[in-house]
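Okay, so here's the structure we're looking at.
Just so we're on the same page: letters track the sequence lines, and every chain starts at 1.
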Amino acid sequence: MSLELTLRDTFLDAFEQLFSHKPEPSLIQFQKTRPEFPGDLTVNVFPLLKLSGKGPEETATRLGEHMMASTSIIAAFNVVKGFLNLVVADSFWLSFFAEASTNGQYGWQPTDDGAAVVVEFSSPNTNKPLHLGHVRNNLLGWSVSEILKASGKQVIKVNLVNDRGIHICKSMLAWQKFGEGKLPEDLQMKGDKLVGDMYVRFDKALKAEVETLVTAGLEKEQAERQAALMTEAQEMLLKWEEGDATIRSLWETMNGWVYQGFDVTYKRMGIDFDKIYYESETYLLGKALVAEGLEKGVLFKKADGSVWCDLTDDGLDEKLLLRADGTSVYMTQDLGTAQLRVSDFDPEKLIYVVGNEQNYHFDVLKLVLKKLGRPWFDAIEHLSYGMVELPHGRMKSREGTVVDADELMEEMVQTARERTTELGKIEGFSVAEADALFEKIGLGALKYFILKVDPRKTMVFNPEESIDFNGNTGPFIQYTYARIKSITRKAADAGHSRDGFGLPSDLAEKEKNLVRLLYAYPGIVAQAATNRSPALVANYVYDLAKEFNKFYQEIPILKEADEQIRAFRIGLSGFTAQVIRSASSLLGMHVPERM
RNA sequence: GGACCUGUAGCAUAAUUGGAUAGUGCAUCUGACUACGGAUCAGAAGGUUAGGGGUUCGAAUCCCUUCAGGUUCACCA
């Protein structure tokens with residue numbers, strides 16, 4: 001049983017005996033004692049004053065006395081205003097350490113046999129390369145999946161690739177017209193970059209065409225509709241839908257280029273999926289649901305034949321589900337893919353990692369599914385994350401401020417190379433070892449920088465600051481890990497071992513602070529899982545690294561003369577390294593043995 | 001215009017979900033036995049938590065309101 005739960009029972013018993021009332025257990029919340037006061041855990045007695053009938057000081061003091069007498073876990077207590085600060089006995093921390101430090105899976109819960117959680121993330125369009133916004137999405141989705149796994153869930157990571165539609169037709173058309181038949185390998189170019197360039201080419205050519213039409217006297221909107229390029233792209237989409245062999249073949253070829261490019265990006269980022277859905281295979285699925293809805297009378301048809309869902313009773317608008325020509329829209333497809341996922345996996349949760357500009361879309365999605373009588377509509381959860389902005393504002397493709405994912409990663413790795421070389425840290429490294437190290441540091445810095453921010457919040461990505469490797473950064477954590485490994489290597493070389501030594505009888509302040517933080521790790525993982533927030537893990541592992549550095553600065557480890565204490569400190573260092581490694585891995589951050 | 005979201009030191013961000021004197025990093029200033037690895041550590045300075053009202057023992061957090069910014073309300077995805 002956990003410390004908090006044990007102490008809660010002790011507390012409740014004490015309260016009942018002293019004041020003859022039994023408070024609601026939920027009223028008793030243990031929090032970490034603030035560092036300026038002695039103690040480990042604090043209970044706030046203010047909510048209990050009505051039941052105790054005494055003032056805050058007296059209530060707290062009497063409870064403290066009673067608890068101390070009734071359990072050996074409490075070694076001392078003090079009262080400040082209405083706060084009862086409890087000092088947990090060193091023996092408790094030491095026996096916790098003895099047990100936990102032999103557990104290689106510390107922090108991970110065994111996988112339960114309940115239904116799986118499906119996490120969708122990434123979900124790119126195939127007409128352009130991945131950019132900074134996708135980076136946040138990918139890192140978040142992947143990390144949340146890992147955290148859920150660590151908390152005992154079975155997780156299925158899925159990607160829904162938007163591989164069809166007018167956007168890819170635009171790229172295809174541009175390549176036909178301006179591509180000169182050149183393949184990515186002819187141009188020494190990643191395939192996704194080439195297709196992206198073609199998309200831009202289309203846009204430019206279209207604009208030029210529209211402009212000439214406007215100067216010829218057309219209204220802008222009209223010109224956009226009438227432009228030859230636009231109508232050609234639309235014709236191409238129609239042909240694609242009819243299954244035209246030439247178009248399909250070009251489409252497959254160009255999407256193939258894009259996937260090869262994406263694979264490189266995903267691989268470097270360390271992202272993977274258990275299942276990939278393609279929209280070209282799922283975009284018709286929602287139609288059956290719409291038909292069913294019409295039959296049940298929860299959807300209605302307008303005079304022109306289009307199908308709608310009336311959500312005005314729920315404070316929303318009417319939502320189109322089928323166009324007059326019978327084709328489906330984004331919402332229709334999402335209805336279908338949700339149903340597909342439920343049939344595929346029968347999950348307890350369907351988590352969608354999608355930017356907060358689609359909040360409305362997901363509100364509507366759930367409502368429509370509810371109206372369609374799908375009891376699992378409530379299993380749908382939109383993990384709505386904030387935009388990534390640059391110091392000068394949002395990324396704008398028109399202004400060329402879009403930060404490309406590949407370039408970003410490369411820049412981070414290059415900076416890691418420069419910094420590390422500058423510091424002279426790679427003596428004795430082979431070229432391959434050094435490269436692997438730069439990769440770990442550069443990507444660790446990037447991942448930590450992005451994941452340490454609460455997902456829901458809009459974040460500012462400052463390229464200058466993100467490549468700072470001091471302070472609250474990934475490399476700081478990696479450095480701490482490497483330092484510990486240096487110690488444990490030396491300890492092993494010197495033949496020091498924990499075997500045969502018991503535990504010391506008490507703890508120095510810095511030792512206790514460390515043990516206390518290590519104790520908190522499983523709770524942090526659980527909390528991060530329920531909150532879907534890697535930021536909690538990131539902030540935790542930073543605190544842990546910082547706490548170790550304080551300990552390291554003040555307390556001798558290998559230099560300690562007393563063998564038993566030295567053995568304990570080596571063990572404590574090693575266990576800290578293990579937890580740093582474990583928590584980092586939940587963020588997708590690798591830690592180096594040396595750096 | 002309707003709906004939703006956000007606002008914390010110069011900058012970037014925390015705050016155990018209503019708890020103590022609002023933490024941390026960067027930047028600025030000062031220090032660390034001549035390193036068990038200085039990508040570290042110790043310290044200083046920096047705040048009316050956008051403004052105003054309210055709820056209560058207690059508010060960055062909940063309610064009302066004003067201001068500022070953002071998203072959305074597509075037969076785009």
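Residue A:K546 is classed as a sugar-phosphate contact, given heavy-atom separations below 4.0 Å to backbone atoms only. Among the protein residues, A:R456 comes within range of no part of the nucleic acid, since none of its heavy atoms lies under 4.0 Å from any strand. Residue contacts shown for A:T327 are absent, as no nucleic acid heavy atom lies under 4.0 Å away. Residue A:M595 is classed as a base contact, given a heavy-atom separation below 4.0 Å to a base. At the heavy-atom level, A:L322 lies nowhere under 4.0 Å from the strands shown. Note on A:I555: a base of the nucleic acid sits closer than 4.0 angstrom, heavy atoms only. Among the heavy atoms of the strands, none lies under 4.0 Å from A:Q478. Base contact: A:F37 has a heavy atom under 4.0 Å from a base atom. Among the protein residues, A:K32 comes within range of the nucleic acid bases, having at least one heavy atom under 4.0 Å from a base atom. Across all strands shown, A:D334 has no heavy atoms under 4.0 Å from either base or sugar-phosphate atoms.
Remark: the separation of the C1' atoms in B:rA59 and B:rA20 is 13 Å, to the nearest Å. Distance noted for atom C1' between B:rA44 and B:rC63: 41 Å (whole Å).
Here A:Y479 reaches the OP1 or OP2 of B:rA39: one of its side-chain N or O atoms lies under 4.0 Å away. Distances shorter than 4.0 Å separate none of the side-chain N or O atoms of A:R489 from OP1 or OP2 on B:rG37. Proximity of A:S486 to the phosphate of B:rG37: a side-chain N or O atom is located under 4.0 Å from OP1 or OP2. An OP1 or OP2 oxygen of B:rC41 is reached within less than 4.0 angstrom by a side-chain nitrogen or oxygen of A:N549.
A donor and an acceptor atom never sit less than 3.5 Å apart when one is taken from the side chain of A:N472 and the other from the base of B:rA14. For A:T42 against B:rA20, a side-chain-to-base donor-acceptor contact under 3.5 Å is present. A donor-acceptor contact under 3.5 angstrom links the side-chain atoms of A:T420 to the base of B:rA39.
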Check the interface with nucleotides 9-11 of chain B: list each N/O to N/O pair with the protein under 3.5 Å, or write none.
none

Name the pairs: protein N/O against N/O of nucleotides 74-77 of chain B, kept only if under 3.5 Å.
unit_1: B:rC75; atom_1: O3'; unit_2: A:R323; atom_2: NE; d: 3.4
unit_1: B:rC75; atom_1: N4; unit_2: A:D304; atom_2: OD2; d: 2.7
unit_1: B:rC76; atom_1: OP2; unit_2: A:R323; atom_2: NE; d: 3.3
unit_1: B:rC76; atom_1: OP2; unit_2: A:R323; atom_2: NH2; d: 2.7
unit_1: B:rA77; atom_1: OP1; unit_2: A:R323; atom_2: NH2; d: 3.4
unit_1: B:rA77; atom_1: OP2; unit_2: A:Y330; atom_2: N; d: 3.3
unit_1: B:rA77; atom_1: O3'; unit_2: A:N162; atom_2: ND2; d: 3.2
unit_1: B:rA77; atom_1: O3'; unit_2: A:E279; atom_2: OE1; d: 3.4
unit_1: B:rA77; atom_1: O3'; unit_2: A:E279; atom_2: OE2; d: 3.3
unit_1: B:rA77; atom_1: O2'; unit_2: A:N162; atom_2: ND2; d: 2.6

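In summary, the side chains of A:D163 and A:N255 do not present any donor paired with an acceptor at a separation below 3.5 Å, with no hydrogens or angles considered. Residues A:Y330 and A:Q358 bring a donor and an acceptor atom of their side chains to less than 3.5 Å of each other. A:T42 and A:N85 form a side-chain donor-acceptor contact under 3.5 Å, judged by distance and modelled atom types alone. For the residue pair A:S122 and A:N138, a side-chain donor N or O sits within less than 3.5 Å of a side-chain acceptor on the partner. Looking at A:E418 and A:T421, their side chains never bring a donor and an acceptor atom within 3.5 Å of each other. Side-chain contact annotation: A:D334 with A:H361, donor-acceptor N/O pair under 3.5 Å present.
Here the nucleotide nearest the side chain of A:K425, chosen from B:rU16, B:rA39, B:rU13, is B:rA39. Of the candidates B:rG25, B:rA20, B:rC36, the closest approach to any side-chain atom of A:Y552 belongs to B:rC36. Taking only side-chain atoms of A:N470, from C-beta outward, the nucleotide of B:rA15, B:rA39, B:rG37 with the closest atom is B:rA39. Taking the side chain of A:P475 as heavy atoms from C-beta on, and the options B:rA39, B:rG37, B:rU24, the nearest nucleotide is B:rA39. The side chain of A:N531 lies closest to B:rU17 when the candidates are B:rU17, B:rG37, B:rU71. Of the candidates B:rA39, B:rG38, B:rU16, the closest approach to any side-chain atom of A:L423 belongs to B:rA39.
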- Task: Using the ring-ring contact (aromatic ring centres under 6.0 Å, His included) rule, take A:W240 and A:Y283 through it: C-alpha gap first, then chi angles, then the decisive distance, then the call.
- Result: CA-CA 13 Å; A:W240 181 91; A:Y283 79 108; 5.7 Å; yes
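Of the charged side-chain nitrogens involved, none lies within less than 4.0 Å of a carboxylate oxygen, so that A:D192 and A:K128 do not count as a salt-bridged pair. Remark: A:R164 engages A:E241 in a salt bridge, criterion side-chain N to carboxylate O under 4.0 Å. Checked for salt-bridge contact, A:R417 and A:E439 miss the test: no charged N lies under 4.0 Å from a carboxylate O.
Searching all strands for a Watson-Crick or G-U wobble partner of B:rU61 with both distances below 3.5 Å returns nothing. B:rC67 is paired with B:rG7 under the criterion used here, namely a Watson-Crick or G-U wobble arrangement in which both key atom distances are under 3.5 Å.
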- Reading nucleotides 54-63 of chain B from the 5' end, what letters show protein touch, with B for base, S for backbone sugar-phosphate only, - for no heavy atom under 4.0 Å? ---B------
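Taking the ring axis of A:Y385 as reference, the NZ or CZ atom of A:R136 does not stay both within 45° of it and closer than 6.0 Å to the ring centre.
Taking a 6.0 Å sphere around CZ of A:R581, one finds it holds 12 or fewer heavy atoms contributed by other residues, nucleotides or ligands.
In this structure B:rU17 sits in the syn conformation; its chi angle is within 90° of 0.
Centre separation under 5.5 Å together with a plane angle under 30° holds for the ring of A:F83 and the six-membered base ring of B:rA20, marking them as stacked.
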